[in-house]
Amino acid sequence: MVPGMRVFEDLDDLVSSVGAVLGPTPWRRIDENAAARFASSVAPERGARLLLEAECDVVRPDFLLSLIPVFVMQMRRIRGMRSGVNYGADRVVFPAAVRIGDRVRARSTITAVEWTGPASVALVASTVVEACRDEVECGPHPIAVRGDLLSRIYC
């Protein structure tokens, strides 16, 4: 288990946790090889050229968005969960660029949880991915991604 992970005992516990802040996750360095593999997988005909924008080392925003499920697994766990579905995202913005070698981390606020059945809920988590360029703990972190993540949880 990741330090700082929130463990929810059941769906009732999750429903009663609206407003809870999860995270931050540990920092994760943006690796050039991982970003290039992602770019090649989403558009193989253009390959790693999609990795870089304007001849600099800026990472594709959709690569950052693809990291969020990994971050979510580091922030929360629900006992008895049979499955979870990433249902989509709403109001996603990319206010700051992230470059190869930067570090990123995420935090989420549970903004809504609604019952969709006797053992399932719809979850909305307002999530931000922060970036840091320095090796040491930098000051206020620019937000690289912000949006509402939509999930369905089944127990």
Side-chain angles (χ1 to χ4, degrees), residues 1-8 14 17-78 81 83-114 116 120-154:
M1 190 159 64
V2 176
M5 175 186 281
R6 172 84 184 262
V7 178
F8 296 93
L14 184 64
S17 296
V18 171
V21 177
L22 309 177
T25 63
W27 288 104
R28 175 189 183 114
R29 186 155 315 274
I30 298 296
D31 174 76
E32 182 175 4
N33 292 329
R37 283 192 311 273
F38 176 84
S40 293
S41 70
V42 296
E45 69 282 355
R46 292 173 59 200
R49 288 177 297 163
L50 291 174
L51 169 65
L52 306 177
E53 296 177 0
E55 298 182 18
C56 63
D57 56 354
V58 174
V59 177
R60 291 172 49 98
D62 53 346
F63 173 69
L64 297 173
L65 198 57
S66 77
L67 295 176
I68 291 177
V70 174
F71 288 135
V72 167
M73 290 188 306
Q74 295 174 338
M75 289 188 279
R76 70 169 156 81
R77 191 173 120 215
I78 304 161
M81 185 172 118
S83 65
V85 176
N86 178 0
Y87 197 68
D90 192 18
R91 294 186 278 271
V92 176
V93 294
F94 302 93
V98 173
R99 291 178 168 70
I100 298 296
D102 287 355
R103 296 177 298 145
V104 293
R105 70 178 181 184
R107 67 178 79 232
S108 286
T109 301
I110 298 174
T111 55
V113 183
E114 297 179 9
T116 58
S120 63
V121 295
L123 168 70
V124 179
S126 179
T127 302
V128 297
V129 175
E130 302 167 318
C132 182
R133 290 186 173 81
D134 302 328
E135 287 298 319
V136 296
E137 192 67 28
C138 40
H141 307 293
I143 295 175
V145 180
R146 179 179 49 236
D148 293 337
L149 302 180
L150 315 173
S151 303
R152 296 291 167 103
I153 309 293
Y154 302 92

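Note that this is a predicted model, so its numbers are computed, not measured.
Nearest heavy atom pair, residue Ala106 against residue Met75, reads O-SD, 3.8 Å. In plain terms, the two heavy atoms of Pro95 and Ala144 that are nearest each other are CD-O, 3.6 Å. Closest heavy-atom contact between Leu14 and Val113: O-CG2, 3.8 Å.
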Given side-chain contact (heavy atoms from CB on, under 4.5 Å), test Val93 with Ile143 step by step and report yes or no.
CA-CA 9 Å; Val93 294; Ile143 295 175; over 6 Å; no
What do the steps show when you test Leu123 against Tyr87 for side-chain contact (heavy atoms from CB on, under 4.5 Å), and what is the final call?
CA-CA 9 Å; Leu123 168 70; Tyr87 197 68; over 6 Å; no
Going through the distances and angles, do Ile30 and Leu64 end up as a side-chain contact (heavy atoms from CB on, under 4.5 Å)?
CA-CA 9 Å; Ile30 298 296; Leu64 297 173; 4.1 Å; yes
side-chain contact (heavy atoms from CB on, under 4.5 Å), that's the test. Do Phe71 and Val104 meet it? Break it down for me.
CA-CA 10 Å; Phe71 288 135; Val104 293; 3.8 Å; yes
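Phe63 has its side chain out of reach of Val98: every pair of non-hydrogen atoms, C-beta onward, lies at least 4.5 Å apart.
Ala112 meets the side-chain contact (heavy atoms from CB on, under 4.5 Å) test with Val124; sequence neighbours excluded. Residues satisfying the side chain to side chain donor-acceptor pair (under 3.5 Å) criterion with Ser17, sequence neighbours excluded, are Arg6. Listed by chain and number, the residues in a side chain to side chain donor-acceptor pair (under 3.5 Å) with Asn86 amount to none (sequence neighbours excluded). Partners of Ser120 under the side chain to side chain donor-acceptor pair (under 3.5 Å) rule, at least two apart in sequence or in another chain, are Thr116. Judged as a salt bridge (charged side-chain N to carboxylate O under 4.0 Å, His left out), and not counting sequence neighbours, the contacts of Arg107 are Glu130. Taking the side-chain contact (heavy atoms from CB on, under 4.5 Å) definition, one finds that Arg37 meets it with Asn33, Ala34, sequence neighbours left out. Applying the side chain to side chain donor-acceptor pair (under 3.5 Å) test to Thr25 and every residue at least two apart in sequence or in another chain returns nothing. Shown here are the ring pair (Phe, Tyr, Trp, His ring centres under 6.0 Å) partners of Phe8, two or more places apart in sequence or in another chain: there are none. Listed by chain and number, the residues in a side-chain contact (heavy atoms from CB on, under 4.5 Å) with Val21 are Thr109 (sequence neighbours excluded). Partners of Met81 by side-chain contact (heavy atoms from CB on, under 4.5 Å), not counting sequence neighbours, listed by chain and number: Ile78, Ile153, Cys155. The salt bridge (charged side-chain N to carboxylate O under 4.0 Å, His left out) check on Asp90 picks up nothing, with sequence neighbours excluded.
Rounded to the nearest 0.5 Å, atoms OG1 (Thr127) and CG (Asp148) are 7.5 Å apart. Taking CZ from Arg91 and CZ from Arg146, the interatomic distance works out to 11.5 Å, rounded to the nearest 0.5 Å. Residue Gln74 holds its CD atom at 12.0 Å from CZ of Arg105, rounded to the nearest 0.5 Å.
For Arg28, the CZ atom is loosely surrounded, since the number of other residues' heavy atoms within 6.0 Å does not exceed 12.
Screening residues 68-78 for salt bridge (Lys or Arg N to Asp or Glu O under 4.0 Å) gives no qualifying pairs among residues at least two apart or on separate chains.
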